[in-house]
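A note on names: the letters A, B, ... follow the listed sequences, proteins ahead of strands, and every chain is numbered from 1. This structure is a prediction, so every number in the text was calculated from the model and none was measured.
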Protein chains: 2
Amino acid sequence: MDHQIPNTKELGLIVRDARKQQGLTQEDLAGLTGTGRRFISDLEQGKETAELGKVLAVLASLGLALFAHSKWSK
Amino acid sequence: MDHQIPNTKELGLIVRDARKQQGLTQEDLAGLTGTGRRFISDLEQGKETAELGKVLAVLASLGLALFAHSKWSK
DNA sequence: CCGTTTTGTTCCCGTTCGGGAACATTTTGT
DNA sequence: ACAAAATGTTCCCGAACGGGAACAAAACGG
């Protein structure tokens with residue numbers, strides 16, 4: 001299933017859904033990605049200033065692949 | 001055209017390509033997104049710690065839509 | 001070629017991240 | 001309803017972001 005990511009709030013929801021679907025707690029996910037529970041909480045709340053690298057790590061841990069689709073494309 | 005984004009380096013390349021395709025300088029893009037030229041340069045170089053919200057703003061300015069695709073999906 | 005433009009990199013510096021821990025609140029299960 | 005677990009939130013604090021400006025190097029065009 002594909003989710004568009006227009007903003008950080010939306011991303012937060014996606015992360016939360018994926019995490020719950022896999023029966024993980026925030027603490028579990030934090031452990032898997034080498035971050036802290038605070039970071040996961042902030043991310044799920046849509047914090048704008050979360051660091052990109054860690055966000056990608058979290059997504060990867062959840063088995064979520066990111067794609068950029070160009071409208072103009074080519 | 002779709003690009004996968006496994007890490008920040010890859011994202012940097014995607015941003016740069018899209019920017020050039022549209023004939024924009026880093027300064028132009030920085031202006032469009034309300035950031036600084038330094039941020040754009042860092043981003044294109046794959047800086048891990050770039051702030052998520054600004055990254056999304058840059059992608060939007062370039063007409064790039066982001067998608068999360070779940071492997072397990074459903 | 002050589003001047004112009006673009007980009008990479010460094011500096012200063014105010015602001016903020018995010019880890020860890022503690023506490024409050026909410027959610028969950030029985 | 002109640003205890004336990006999970007999550008939200010605050011604090012302390014070292015580390016680093018990123019804007020702006022300046023300079024060097026690289027890319028580009030005529």
I want to check one thing: is the phosphate of [N], taken as OP1 and OP2, less than 4.0 Å away from some side-chain N or O of [X]?
X	N	answer
B:Ser41	C:dG8	yes
B:Gln26	C:dG8	yes
B:Lys54	D:dC17	no

### Query
Which residue, B:Gly34 or A:Glu27, contacts DNA chain D at a nucleotide closer to its 5' end, judged by nearest heavy atom?
A:Glu27

Counting C-beta onward and ignoring hydrogens, is there a side-chain heavy-atom pair between [X] and [Y] closer than 4.5 Å?
X	Y	result
A:Ile40	A:Glu44	yes
B:His3	A:His69	no
B:Arg16	B:Gln45	yes
B:Gln4	B:Glu10	no
A:Val58	A:Phe39	yes

### Task
Take the C1' atoms of the five end pairs on each side of the helix from C:dC1-D:dG30 to C:dT30-D:dA1, get both axes, and report the angle to 10 degrees.
80°

## Note on the structure
All heavy atoms of B:Gly23 vs all of B:Asp28, minimum pair found to be O-OD2, 4.4 Å

### Message
If you compare all heavy atoms of A:Ala18 against all heavy atoms of A:Leu64, which two are closest, and at what distance to 0.1 Å?
### Response
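Closest pair (atom of A:Ala18, atom of A:Leu64, distance): CB-CD1, 4.0 Å.
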
[atom1] of [X] to [atom2] of [Y]: how many Å apart, nearest 0.5 Å?
X	Y	atom1	atom2	answer
B:Gln22	B:Leu62	CD	CG	5.5 Å
A:Leu43	A:Leu11	CG	CG	5.5 Å
B:Asp17	A:Ser70	CG	OG	10.5 Å
B:Ile5	B:Phe67	CD1	CZ	11.5 Å

### Message
Does B:Thr25 reach a base, just sugar-phosphate, or nothing at all? Heavy atoms under 4.0 Å.
### Response
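If one applies the 4.0 Å heavy-atom cut-off, B:Thr25 turns out to touch the sugar-phosphate alone, with no base involved.
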
Taking atom [atom2] of [N] as reference, at what distance in whole Å does atom [atom1] of [X] sit?
X	N	atom1	atom2	result
A:Ile40	D:dG8	CD1	P	11 Å
B:Leu43	C:dT9	CG	P	14 Å
B:Asp42	C:dT7	CG	P	14 Å
A:Phe39	D:dT7	CZ	C1'	16 Å

### Task
List in numerical order all residues of residues 44-51 of chain B for which some heavy atom is under 4.0 Å away from an atom belonging to DNA chain D.
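Listed by number, they are B:Lys47, B:Thr49, B:Ala50, B:Glu51.
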
Let me check something: any side-chain donor-acceptor pairs from residues 29-37 of chain B under 3.5 Å, sequence neighbours excluded? List them with distances.
from, atom 1, to, atom 2, distance (Å)
B:Thr33, OG1, B:Leu29, O, 3.0
B:Thr33, OG1, B:Ala30, O, 3.3
B:Thr33, OG1, B:Thr35, OG1, 3.1

When the side chains of residues 46-56 of chain A are checked against the rest of the protein, which donor-acceptor pairs come out under 3.5 Å, sequence neighbours left out?
from, atom 1, to, atom 2, distance (Å)
A:Lys47, NZ, A:Asp42, OD2, 3.3
A:Glu48, OE2, A:Thr8, OG1, 3.4

### Summary
Contact check, residues 5-17 of chain A vs DNA chain C, heavy-atom distance under 4.0 Å, returns none

Review item, nucleotides 20-30 of chain D N/O atoms under 3.5 Å of protein N/O:
from, atom 1, to, atom 2, distance (Å)
D:dG20, O6, B:Arg38, NH1, 2.8

### Connected via hydrophobic side-chain network under 4.5 Å: A:Leu24 and A:Val15
yes

